[in-house]
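Each ligand, and each atom within it, is numbered from 1 in the order the structure gives.
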Amino acid sequence: MRRQTEATKRKHQVSSDAPPAKRRNEISSLSAKKASNKETQRAFKGSAHKTFPPKKHLDTIGNERQEEKPCVKTSSLFKNNPEIPELHRTVVKQAREQVFSPEAFQELDLHPHLISTINTVLKMSSMTSVQKQSIPVLLEGRDALVRSQTGSGKTLAYCIPVVQSLQALTSKIQRSDGPYALVLVPTRELALQSFDTVQKLLKPFTWIVPGVLMGGEKRKSEKARLRKGINILISTPGRLVDHIKSTKNIHFNRVRWLVVDEADRILDLGFEKDVTVILNAVNAECQKRQNVLLSATLTEGVTRLADISLHNPVSISVLDKSWDQPNPKEVASIQLDSFAIPESLDQYVVLVPSKLRLVCLAAFILKKCKFEKDQKMIVFFSSCELVEFHYNLFLHTLLCHSGTPASETLPSASWPLKFLRLHGNMKQEERTSVFHEFSHSGTGVLLCTDVASRGLDLPQVTWIVQYSAPSAPAEYIHRIGRTARIGCHGSSLLILAPSEAEYVNSLASHKINVSEIKLEGILAVLAKDDCFKRRQRGAQRSHATGPQEIRERATVLQTVFEDYVHSSQRMVSWAKKALQSFIRAYATYPKELKSIFHVRSLHLGHVAKSFGLRDAPRNLGVSAVRKASFKRPDPRRKTQRKHHLVPAEVLHSEHSSGLEGNGTKGRKQGLRVAPSKPGLRR
Ligand SMILES: Nc1ncnc2c1ncn2[C@@H]1O[C@H](COP(=O)(O)OP(=O)(O)OP(=O)(O)O)[C@@H](O)[C@H]1O
């Protein structure tokens, strides 16, 4: 609260610094604008901070503190912004899938104890469409490529057949036999989640032991568990490779199942070296196995990447027949790079000038999570540094302002804000505890990198916000797929700069439809939040909440951020580092998106504002970043990487989300896997 009082006070200082005549002119020009409807439309061009009343209107506390602080100007958020373009997007017909099938699990030929566990422990009765199609195929012993929309139950689609087949083995499984099934997943949290599902299914089959290897835990204790024996082994690729190289007690001679969840992710960027080691180790020992590849964004191209020895695989896709297009050519091309999105997911986009990005994000969080009940939100950022920076910033600014207002200042109900963060630079214990806390909470805002974009089943998430656009449509699908799971309703918001508006058409070309919402509609929430109202001594609470009032409050909010960032040199350099990280991540958009996202189109001063920095830092080394952006490093050329080590390494590390295998290597077109022994393929 004190911070805000100071912020408001400073704003007033600014206004009082302006020459009176000039100020009068601006006030009148603004009131003229106020009369115009256009004011609430696209471009925000007015100047908010110069219209404040002179010093004498300040509250006393503000005036007392004023002496202590140098006068610092909060430059206008609403001036010199680029025009927000009209969005002309083609409305496309999105691919659809039916989530549930009418059939019950009883109709499958499963062990009665497995059925009763599904019914009573998991509390499920009907199969989902993907389960209905996959389980019988997998029980027949076929290899399969399984693709269905996010949150449609793919985990059970492979777990049920694995458990059913292993419990039915005539020579009963011994713990000491080691792995019969190997499940690879891209992140530690997903490993934990899949382990939890397998563990539940195994309740009646106590002789089959599941286990998880995921890094972050002491290698020694994992080794001890491996020595005792794990029959269904769930692991991230990196950690499994660690054990293959260093643990004597790991054997694959009994492996019958190889499941690769999020297969397009695991078999693509970053993981290839690890997957090659794993496949070579498994192929060398295992005689006959079933391979299952799953993802919401699986394409057959993925298998070509992997040389994973799939034997006559069945492709399972549950796309609605009714979605078929009249032109079969079109259908084929659509099916390759267009993916189903849950029908109950509403997707939105907002175009926001760079200067207003931070205020827009904060206002949106307040709108949903402070003024609406039971909202749970995930906000995606492009790097760990960005998550840390925004987490700390919001914790020290929005929480102070949300927790303390006198009740009479709140015109409508408000709920306490809770922020959490998740990224790959956190200690594993903290990651796990955040994952569990957010999973079990009915509300809250999780700020994260793409470490949380794949596979995580976090219940009741109502909103997904993408603070920057992902670099591939598949990642867009996975991020938004953290909401609207298993038929629930959810919404997503993509925040783009005006110069990035074309991205909406790029999404449309992948049959992804987003509707526009206006920045004004988001900022309007500040009218409800008197925490960001400028203070006037003895003034009655104003009910005027027109566009001008909203701008003033947005400026107060920005000032709160700037005050916090400039409260110490340490904070300033932290903000600069976050800004640098943002620019570097921006430079890594793939070639096909460079015309939309190019560092050259960023206005550094405006972007700096969205980090609470009052000026564009001079020593940012942006030229190096620019260089990097012109020529995306080709990781296949090792010598080139060696000579351009700095930009390439920096780009990868900045873009790192903490996904295992991420940030270590670059994109590669194929895996070189030693073929299985002749006659032993599969
Ligand atoms: N038959 C079912 N009936 C009711 N709920 C189910 C059923 N099958 C799965 N679920 C639930 O649906 C949710 C989503 O399942 P799951 O995480 O397996 O989805 P997914 O398809 O793997 O998603 P993603 O593509 O995001 O990884 C989970 O909470 C799971 O418990």
For [atom], tell me which residue out of [options] has the closest non-hydrogen atom.
{"atom": "atom 14 (C) of ligand 1", "options": "Leu298, Asp457, Leu122, Ile486", "result": "Asp457"}
{"atom": "atom 17 (O) of ligand 1", "options": "Arg485, Gln193, Lys154", "result": "Arg485"}
{"atom": "atom 30 (C) of ligand 1", "options": "Arg454, Met124, Lys123, Glu262", "result": "Met124"}
{"atom": "atom 24 (P) of ligand 1", "options": "Gly481, Cys488, Ser453, Gly151", "result": "Gly151"}

For [atom], what's the nearest protein heavy-atom neighbour? Residue, atom name and distance, please.
{"atom": "atom 1 (N) of ligand 1", "answer": "Ser126 O, 2.8 Å"}
{"atom": "atom 8 (N) of ligand 1", "answer": "Gln131 NE2, 2.8 Å"}
{"atom": "atom 19 (O) of ligand 1", "answer": "Gly153 N, 3.2 Å"}

| Going by the angle between their ring planes, with limits at 30° and 60°, are Tyr589 and Tyr586 parallel, tilted or perpendicular? |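 The rings of Tyr589 and Tyr586 stand perpendicular, inter-plane angle above 60°.
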| said: I need the single residue from Leu201, Leu202, Leu108 that forms a side chain to side chain contact (heavy atoms under 4.5 Å, CB included) with Leu114. Which is it? | reply: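 Result: among Leu201, Leu202, Leu108, Leu201 is the only option passing the side chain to side chain contact (heavy atoms under 4.5 Å, CB included) with Leu114.
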Using a strict cut-off of 4.0 Å, indicate which atoms of ligand 1 neighbour a heavy atom of [X].
{"X": "Ser152", "answer": "19 (O), 20 (P), 21 (O)"}
{"X": "Phe105", "answer": "1 (N)"}
{"X": "Thr128", "answer": "1 (N), 2 (C), 7 (C), 8 (N)"}
{"X": "Gln149", "answer": "21 (O)"}
{"X": "Phe100", "answer": "2 (C), 3 (N), 4 (C)"}

So, taking the atom named [atom1] in [X] and the one named [atom2] in [Y], what distance separates them when rounded to the nearest 0.5 Å?
{"X": "Thr117", "Y": "Leu122", "atom1": "OG1", "atom2": "CG", "value": "7.5 Å"}
{"X": "Lys376", "Y": "Thr483", "atom1": "NZ", "atom2": "OG1", "value": "10.0 Å"}
{"X": "Glu388", "Y": "Met426", "atom1": "CD", "atom2": "CE", "value": "7.0 Å"}

| request: Would you check the N or O atoms of Thr155, main chain and side chain alike, for any that come under 3.5 Å of an N or O of ligand 1? | output: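 There is such a contact, yes.
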Side chains of [X] and [Y]: do they bring a donor and an acceptor to under 3.5 Å?
{"X": "Thr276", "Y": "Glu272", "answer": "no"}
{"X": "Thr155", "Y": "Thr197", "answer": "no"}
{"X": "Gln149", "Y": "Ser152", "answer": "no"}

| Arg482 and ligand 1 - part of the residue with a heavy-atom distance under 4.0 Å |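 Only the side chain of Arg482 comes within reach of ligand 1.
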| How far apart are the closest heavy atoms of Phe252 and Cys286, and which atoms are they? |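 Nearest heavy atoms, Phe252 then Cys286: O-CB, 3.3 Å.
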